[in-house]
Protein chains: 2
Amino acid sequence: MTGQPRQGAEDRDFLAELHAQIGGRLAQQGHRYTSGRQELVETLVLTGQPMTLPDIVEAHPKLAQSSAYRNLDILVRCGVIRRINAGGDHAYFELAEPLLGHHHHLICISCGSIEDIHFDSEIERLVDESLNEISARTGFTPTTHSLDLHGHCADC
Amino acid sequence: MTGQPRQGAEDRDFLAELHAQIGGRLAQQGHRYTSGRQELVETLVLTGQPMTLPDIVEAHPKLAQSSAYRNLDILVRCGVIRRINAGGDHAYFELAEPLLGHHHHLICISCGSIEDIHFDSEIERLVDESLNEISARTGFTPTTHSLDLHGHCADC
DNA sequence: CCTTAAGTTGATAATGAGTCTCATTCCTGC
DNA sequence: GCAGGAATGAGACTCATTATCAACTTAAGG
């Protein structure tokens, strides 16, 4: 479901529904779902992997840098896009979890690339339990967790 | 062991041994363990929580900003200190896991504070298993994992 | 339609965390 | 002691990201 570029016929339906959902979310916050924002989202969906801003602009040169940054920020605020701080020069962006599903990342400490991975749901359940217990004990109110694996990717 | 400021008598032994270990690591890479670097380490140890560079300089105004950055970088390269990218303006620094033990973080998305937490070792074992399996399948060579909880701290 | 208000865009300027430079100072082994 | 390498600190610099602002687009009323 995740991690694959989308192009087929049923994926057009997926895109249409996604756009509808996102349009709703933006409207709730008094924002418009303009063509530039749609292209931003489609670029992320079609790539199927987290992208940096230079990645995005390169893949879609029509998007002005300043607008891309501004729109990514708005989409992040609206919960449509998630910003990933991998430690390199640039932040990475991908669809937010409500749209893409809960998952984690393989982060290469050599080349900085990021790949999505999915965990066994049993493990997720156990981790969630632990986290909830810790939250209850410390008065911390969790919204999400991130479990990322750092190392060297197959190419490095 | 972690998360508590250190001041007591047996903690002086801990510090002495720590300094010895770190000195060895630095020497291996042809670096000296100067007083500025020792103070950097002690500030982190005594605080017992991840700190940003402004935190460190405020706690120890003798340290010049440029030297602090340079020395943190060297200590990170030598595996003595770990850099945490929490997403805020500043990176956080803490003792590396070989010195502080494996642990995770509560990251407040309001005020940006970071607190150390420890997991049940059984959970850690299961997570490690999953991660190893994923690594084997994808050709990824892991060095470490990060499991952080994002949300609002008790004060926010 | 016309108007108006609000949202958006893109070029550009500004911000600021982190890095680099370099002259000076400090160590350390000989 | 002293020569050579390492470290320091002040300041200049880089560059990802944000803010600014005038021009443009859109949506809703009247």
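So that the names make sense, note that chain A is the first sequence line, chain B the second, and so on, each numbered from 1.
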Between P of C:dG10 and NE2 of A:His60, the distance in whole Å: 11 Å
Whole angstrom is fine here: how far is it from CG in A:Leu72 over to C1' in C:dT8? 15 Å
Under the salt bridge (charged side-chain N to carboxylate O under 4.0 Å, His left out) definition, can you give me all pairs with a residue in residues 139-156 of chain B, not counting sequence neighbours? none
Summarise protein proximity over nucleotides 17-23 of chain C in one line of letters, 5' to 3': B for base, S for sugar-phosphate only, - for none, counting protein heavy atoms closer than 4.0 Å. SBBB---
Is B:Thr34 close enough to D:dA7 that one of its side-chain N or O atoms is under 4.0 Å from OP1 or OP2 there? no
Please confirm whether the shortest side-chain N or O distance from A:Asn71 to OP1 or OP2 of C:dT9 is below 4.0 Å. yes
Between atom CZ of A:Arg37 and atom CZ of A:Arg32, what is the distance when rounded to the nearest 0.5 Å? 9.0 Å
Spatial distance of atom CZ (A:Phe119) from atom CG (A:Leu126) [nearest 0.5 Å]: 12.0 Å
Interatomic distance where OH belongs to A:Tyr92 and P belongs to D:dT17 [whole Å]: 11 Å
B:Tyr33 OH to D:dT8 P, straight-line distance once rounded to whole Å: 12 Å
Please confirm whether the backbone N or O of A:Thr52 pairs with a side-chain atom of A:Asp55, one donor and one acceptor, at under 3.5 Å? yes
Phosphate OP1/OP2 of C:dT9 contacted by A:Arg37 side-chain N/O (<4.0 Å): yes
How many angstroms lie between CG in B:Leu40 and CD in B:Gln38, if you round to the nearest 0.5 Å? 11.0 Å
Tell me: CD of A:Gln29 to C1' of C:dT8, nearest whole Å? 17 Å
Just the rounded figure in Å: distance from C1' of D:dT8 to CD of B:Gln38. 15 Å
To the nearest angstrom, how far is A:Arg32 atom CZ from D:dT25 atom C1'? 7 Å
When rounded to the nearest 0.5 Å, the distance separating CD of B:Glu115 from OG of B:Ser113 is 7.5 Å
Between atom CG in B:Leu26 and atom C1' in D:dA6, what is the gap in whole Å? 12 Å
Is it the case that B:His104 and B:Glu124 place a side-chain donor and acceptor less than 3.5 Å from each other? yes
